[in-house]
Structures are given as C-alpha cells and as structure tokens.
Amino acid sequence: MTEYFAGIDIGSTMTKAVILDDGIIAFVIGPTGPEQRRLANKVMEDVLNQIALPFQSITYIVSTGYGRINVPFADKQVTEITCHAKGIGSLFPEAKTIIDIGGQDSKAISIDANGRPTDFIMNDRCAAGSGRFIEVIADTLGVRLEEVGDISLQSKNPAKISNVCTIWAQQEVAARLAEGVPIADLLAGIHHSLADRISRMVNRLRVEEEVILTGGGGKNKGLVRALSEQLGHEILVPDKPLITGALGAALLGKEIAEKAKKNNVPLETKERLLEEIEIL
Amino acid sequence: MAEEQKAKEHKKRRTATHAAASIGPMVKEAIGGTVRARAEGTHKIAYTFIVCQHDEILRALDVVPVWTENYAGICGAKRDAERFLQRAESLGFSRSLCTYALCGLGFDQWREELGEMPPDAPWGGQARPDFMISSGQILCDPRSKWYQAAQQFMPDVPIYNIDLPYPLYDPKRDHREVWGYYHKYIVEQLRGLVAFIEEQTGKKMDYDRLKELVALSDKTWNLIHETYELRRAVPCPMGTGDAMNTMVPMVFMMATQEAYDFYAGLKKELEEKIANKEGVVKDEKYRLLWGGGLPSWFALTDFNYFNSKGAVFPAETTYRMVQPLYEMDIPETDDPIEHLAWKWLGYWTFWYDKARKRPGSHPDVEWLIDYIENYKIDGVVMHEAFSCRSWHVGLIWQLHQLAKIYRPIPVLVLGEDGKKKEDRRELPSLVLESDIIDITSYSEVDTRNKIDAFIETLEAVEKSKIK
C-alpha cells in the first residue's frame, strides 16, 4: 500500500504544503494570514483535494516555519533550518551551502552529505536582508514583484544605493527616481545592496559549493546574479524554491515513519481531523 | 503596588543552585546598604566600575562602592530600564551608546532633578556619590566618558580616572619583554588613586590592612577557580545561567570575607551535587560554551530554555574574571600595590604563551579551546549585544579563527575519489543578537527559534560523528 507524507511550512509571508510518496505528488503555495491555525487547515485541505486523497491516508505530517506550532494536526514540529537542509539535500546531493531568502528573514545553512545541517546563521531582525526589502522598493517604483528580476537585468549602470535600512533605502530610491535615474538601474542597485547585506551574513559561515538559493528570493534573477557576484560562487536555484522547506518536512516525516517501521515501534501520530474552516 | 505588579509580570528565573538563588537578596541588600550609607553619612560613596583592580584599595579606605554598571543591569533584569534609557535619549544621548551608561545617566539626571530617587526606583535606587572613579581599561570608552557626562548633573562631584593597560598580543614577541613598563605605569595609576581617595576621605591608607585584603582577594581568586572547575563534571552541576548570578561576589565584592565565604559555600554545594550525580538537566545531551558577550539581563530565562532541550553550559568566558594565581608567572613582591599591578598583567596575558604555540591562534581563542577540551563542549554560543562595543567587537572573528584552527569533531566525508574518508570539522556555533538591558532589541520568539534550530544542528552533527 502506498504511503503518503505531508510537510507544511508556515512562513512569515507564504504558507506551503507538500504531499509526497516516492516523490512530490502535490503542493500548494498561498499567502500567510493572521489566523494560522485556520490557514493550516485550509492549505492542507487544498493540497489533499488536488489529488483527491483522504486526510486519513497521510502516514506522517511534519510542520515547519515560524508558524509550525500553529498546525494542530502536525505529528512533529521541526525548524526550517533542518527542513531546508533536508529538502535541498534531496534535490542537490552535492549541496554544501544553502541561502534561504524569505519574506521577512534570511538564513544561511551549511549541510553535510546526508542533508543534515551542520551550522547556520539567521537574520531575523532586519527587513533589509529579506524579500520584504524588494517588495517595499517594487511598490515604490510601481513595478510588479514578478518583474523586478528581469527589469534589473537590463541595467548597464546600476545605481549606488547607500542606505541599508529599508525605510531609508525607500526614500533614497524615491529621490533618485525624481532625479531621473532609470528604474532598471535602481532595481539593479537595490539588488546589489541586498546581496551585499546577505553575503556579509552568509560569509560568517564557511561558504562552499554547491551553493543553493531557495525561498522567494530564488525567483528573482537579478538578486541571484548580484548575490553570485558578491559571494564569488555560482548559485543554483531549485525549480520551485518556495517549497523546499515543506518538501524537507515531508521527507523528514517519511524518514521518521521508516525508522519506526524498521525498529518495529508504533508511530505516534495526531488524529487526522481537519478543523472546520469558517473564513478564507 | 507598582513593585508588586512588576514582580508579577516578570517571573524569577529558575536556578540550579541555592547559591545562585541567594544572590538576588544579597545584591538588594548591597544596593540598599549604599542608600543607607548616603542617608547616614557614615562612609564616603564612590561611583565606579568593576574589574578595575582597585577593590582592595576602596575597601581598605572604607569607601562604599556604587557599581554603576551593576545598577543598570538590575534595572535591565527587572525590565525597568526603558524609562531611564528614554530619559537619557531625551537629553540628547544616542540610543546606540552603551545602554548601561544611558540607563545610569537617565537615572542620575532624574534623581538630581527631583532631589530624591525617581519613583519606584528598582531596589531603592542608586545613591548619589561623593566622588567618581572612572577607568580607561579594556577598551571601554564609555567608562572614560560616562562620569564626565554625569558631571552635567553633578558638577560638584570630582572624578579620578585610572588607566589600566596591558600589552597587546603579538605572536612573535614575549610580552615579558615589555610588561615591566606597563607595570610601572599601572603602579603609578594605583598610587594616584590612593592619594585621590585619601584626599577625598581624609583618611590615610593603612598598608598592613591593604596587604591583608589583597591576600584575602588572592585566596578568593584561587577558590573561585577551583569552584568553577568543578563544573567539568558530567552531569554538570551548575550552568552559565547560574554563573551570571554567582559572578556577583567575584566582581562586586572582592576583598570581603563574604565573597570568600560565598564561594566556599558554592564549592560545597557543587561537590555535593557531583557526589549525588545531580545535574542542571536530568538527561544531559549537549554541553555548550558561552563563548562571549554579556547576557541579556532581562532574558536570563533563555538559559532555562536551553536546559529544557537537554543543553547545559558548564563554562563561560564572560564574568569568569579569575585565573589561578599559582599558574600565573608573575614576580613576587611585598608591596600590595605592586602585587595588584602584577596580578592585572598576569590575568590579561594569561593565555599569551599558549596562543603563540598554535599558528593563527589568539589568546581569546585559546581560552575557548581550553574550555572546549576540558569541559567536553559540543557547541559554542555567543551573544552580540549591540550597545557594548568593547566586549563584543571581535566575537565573530574569534568564532572564525576558532573554526579555522581547531576542528575537534571526527566525521566521514566524501573524498575526491568518491570514497569516504575521515576528516574533522569545527564545532557548531550560535550567535544570539540583542542587548544587555535594552529590551526593545530582543525578540523571545526569534531567539527561541534560533535555539531550536541550534539544538537540531547539534543533533545532526552528533549523528554524523565517528564514534
């Protein structure tokens, strides 16, 4: 009988869920709202509906991310550090360094050949090291977030953005825009500024190739290039960079279930019951 | 009423030892004692700083020290520093200055303006000084400027500044070539301090008494070292959370019989715990080193959080301000002032010889390595407190040097030929970020998320170890 495993990653900005058997068979990505318990139920319901799978058929569920404690049906909670390491390790067996740029924070993780974290560093204090920085600037420039990367790659003369604080950088960008600096140059400058800040954090670790960029930042080609230049390493990006944490969570669940089976011990799981959803 | 409310809001930290639990009342009494001394006019009162090698001189001349950093720390620990920080900010001081100094300046200005203690001042408040002894040691510039700034509110209170340098580390030179010059300079500084206090108090130094107090301090130093070394035991009987309390007699009460008696009691308590195999945590999984940085005084419960994950801190570099005198290579002398100066130099150069033997090392890194080896450490935790430059600049550099020159964990890695081979890797490390007393810099959720991730990392490293 096929066994299914679920990983659910409630990040500060986006919530992701993955179902896998031997590989990923379904995933969903949606915005994180204030009512995380309800959101967890909704996301789980959505991902199960995709493949018409009853909730009871999920063998093990691991939750991760900032909202991991708000997943009432999760059998285990694991931090995003371990889950990203596991997820990326499964996609890139040669990976040694992971950079995760999320909505409100960024982190760097060193991993071993087994996809286990061996060291990490986190920035959870400052929007200037996270996707939020780009969001604020894109909003100021009236550019859609999805277009930011491509537009910045058109720049031949990136603007020098001195301020590293998000709010001050926003003011600086507005002032430079008024001076007539092209949007592409401003975005390229912003990517350099962000890459500079992130690379300083990442360099606290021993950065070794392969270097993988995951999280929402992985979808921004301009940022990937700027970061690669700053770090002096080629940077690889998974096809679906937003779901690597949820994937890792599901893989960890699978590992736990297999270990229990091997050792012939019962698997401790929560009741497979989704709470009633009133909103969303 | 307000005091009761605050007490309810901030629960007391759970300690592992009776000794640590006894510190709070002891400090409260000490602070209350300074306020009483002010009211009664029995003793001269001096604002001053810890670790300035002058405790014996103050005690011998019956000066009551008000440790201004300590009072700021108390305000922080009681989560009641914000109003003093805000007041200092409103006076034009930047929030990015040392928050101990800011808190003290805010408090002093308020007390001087009111002519009495600010309302609900923690533990009765900080007594007005008769004089202030500032210090230019350990690169802490606020220590030189803090009291000068305080003179804006207390222009009648004189300052004496002592300068206590030590030779910088040079891997190619033996510090003994130059420490005679440093010694002469420090002796002059301390003799100047004696003359200043004699003038302020109208008392003459009794050098026989000073000698006795120096001998008592020396005895206490060695006792502290021996007591803290007991924490090598597995399971560890006392962690850094407690040590952040038991440091009080070490840094605020040296040259007193009470300090000696306290450590004698702590030693006995730890010996009993070791005999009973009683550890800080029930099932000790990870032994961590607090590798540097002052703690967030308002968040000492984070140590309990580490404990709840099976992690314990048997050692710390912060506030372990002693090295055994019998291991220091310092000249003998009958002059207590000269001895104090040698003790200062011996302490700060203690790891120099060891560092020279390991290419790329540094005394601070050797200190870490010594603890890692002797206390069976699995990981290093540091705290970057944003407002304390002197203590915190260089912490990350220390971690980098440590990782470069010292890799104690045996692991299997894939070689270029695709075959697994044995290698060694560095200890995992965690850098916490916040401040000493500015609670607005702290996020409990983020801090504990980092601690969770660090524990998972230790677990992963443990799995990959060759045993």
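The basis for the numbers below is simple: all heavy atoms, side chains too, and nothing from hydrogens, waters or symmetry mates. By convention in this document, chain letters (A, B, ...) are assigned in the order of the sequence lines, proteins followed by strands, and residues within each chain are numbered from 1. Quantities reported herein were computed from a predicted structural model and do not represent experimental measurements.
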In terms of heavy-atom proximity below 4.5 Å to chain A, should B:S443 be classed as side chain, backbone, both, or neither?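 For B:S443, backbone and side chain are both near chain A.
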Please look at B:L430 and chain A and tell me whether the side chain, the backbone, both or neither of the residue comes under 4.5 angstrom of a heavy atom of that chain.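 Answer is side chain: those atoms of B:L430 sit under 4.5 Å from chain A.
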Mind running side chain to side chain contact (heavy atoms under 4.5 Å, CB included) on B:V411 and A:D112 for me, showing each step along the way? CA-CA 10 Å; B:V411 287; A:D112 66 14; over 6 Å; no
To check you understand the geometry: which heavy-atom pair defines the closest contact between [X] and [Y], and what is its length?
{"X": "B:H400", "Y": "A:R204", "result": "NE2-O, 3.0 Å"}
{"X": "A:I81", "Y": "B:A453", "result": "CG1-CB, 3.4 Å"}
{"X": "B:P428", "Y": "A:T118", "result": "CB-O, 3.7 Å"}

Looking only at heavy atoms, which of residues 247-267 of chain A get nearer than 4.5 Å to chain B?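 None at all.
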Please say whether more than 12 non-hydrogen atoms of neighbouring residues, nucleotides or ligands are located less than 6.0 Å from [atom1] in [X].
{"X": "A:I69", "atom1": "CD1", "result": "no"}
{"X": "B:K376", "atom1": "NZ", "result": "no"}
{"X": "B:W397", "atom1": "CH2", "result": "yes"}

Taking B:D452 as the fixed residue, which of A:R68, A:E80, A:Q77 is the one that meets the side chain to side chain contact (heavy atoms under 4.5 Å, CB included) rule?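 The single option meeting the side chain to side chain contact (heavy atoms under 4.5 Å, CB included) with B:D452 is A:R68.
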Chain B contact via A:D119 - side chain, backbone, both or neither, heavy atoms under 4.5 Å: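 Both backbone and side chain.
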Rounded to the nearest 0.5 Å, what separation is found between the [atom1] atom of [X] and the [atom2] atom of [Y]?
{"X": "B:I396", "Y": "A:N203", "atom1": "CD1", "atom2": "CG", "result": "12.5 Å"}
{"X": "A:T82", "Y": "B:I455", "atom1": "OG1", "atom2": "CD1", "result": "11.0 Å"}
{"X": "A:N123", "Y": "B:D446", "atom1": "CG", "atom2": "CG", "result": "9.5 Å"}

Residues in residues 456-467 of chain B near chain A [non-hydrogen atoms, under 4.5 Å]: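 Interface residues of residues 456-467 of chain B: B:E456, B:T457, B:A460, B:V461, B:K463, B:S464.
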Can you tell me which residue pairs pass the salt bridge (Lys or Arg N to Asp or Glu O under 4.0 Å) test with a partner in residues 402-413 of chain B, sequence neighbours excluded?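 Qualifying pairs: B:R407-B:E426.
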Results of ring pair (Phe, Tyr, Trp, His ring centres under 6.0 Å) for B:F306 - residues two or more places apart only: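 Ring pair (Phe, Tyr, Trp, His ring centres under 6.0 Å) list for B:F306, sorted by chain: B:F313.
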